[in-house]
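Below you'll find the structure, written out as structure tokens, and then a few comments.
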Amino acid sequence: MPSDSPDTPKPPQTPGQPMLPDEGEGTVILERQSSKVEPPKLYQVVMLNDDYTPMEFVVMVLQQFFHRDLETATQIMLKIHHEGRGVCGVYTKDVAATKVEMVLAAARRAGHPLQCIMEAA
Ligand code: TYC
């Protein structure tokens, strides 16, 4: 049977309202909750200075994992070198955690003590 048969009139649908199954006894319209969707919390990935990791390696990490161009990557690396720490990027929680793991894995693999953390932005 076609769902839109002409002898069963349906209330007009307003845009954005969910279509609910009509059970014959009268349609129950659930009121929309005040649908406040909170924006996700953001986390900054912070790289720390040390005396051993080569500058070139840090620049490479910033280019490879944080999509920084050479000039920006060099600026961030120098900021970390001079100030002790620097923000590589700001991400949602899962993405930030993954970036930290990628950086630490790359550093470990290359034998460098580079440290990287995430913190609420
Ligand atoms: N301080 C390091 C050096 O002189 C360079 C460096 C920069 C290391 C940034 C880590 O996150 C870092 N070779």
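Reckoned from all heavy atoms, side chains included, excluding hydrogens, waters and symmetry mates. Each ligand, and each atom within it, is numbered from 1 in the order the structure gives.
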Starting from [atom], which protein heavy atom do you reach first, and at what distance in Å?
{"atom": "atom 6 (C) of ligand 1", "answer": "N49 OD1, 3.4 Å"}
{"atom": "atom 9 (C) of ligand 1", "answer": "I80 CG2, 3.5 Å"}
{"atom": "atom 13 (N) of ligand 1", "answer": "T53 O, 2.9 Å"}
{"atom": "atom 11 (O) of ligand 1", "answer": "L48 O, 2.8 Å"}
{"atom": "atom 4 (O) of ligand 1", "answer": "H81 CE1, 3.1 Å"}

Applying ring-ring contact (aromatic ring centres under 6.0 Å, His included) as the test, list every pair that has at least one member in residues 38-71; sequence neighbours left out.
F57-H112
Say whether, by atom type as modelled, one donor and one acceptor occur between the side chain of [X] and the main chain of [Y] under 3.5 angstrom.
{"X": "T92", "Y": "L42", "result": "no"}
{"X": "R108", "Y": "P113", "result": "no"}
{"X": "T72", "Y": "R68", "result": "no"}

Could you tell me if the side chain of L70 sits less than 4.5 Å from the side chain of V59, heavy atoms only?
yes
Sub-4.5 Å side-chain heavy-atom contact between H81 and M55:
yes
Logged contact type for D50 with ligand 1, heavy-atom cut-off 4.0 Å, is both
Taking only non-hydrogen atoms of L114 and a 4.0 Å limit, the atoms of ligand 1 in range are 10 (C), 11 (O), 12 (C)
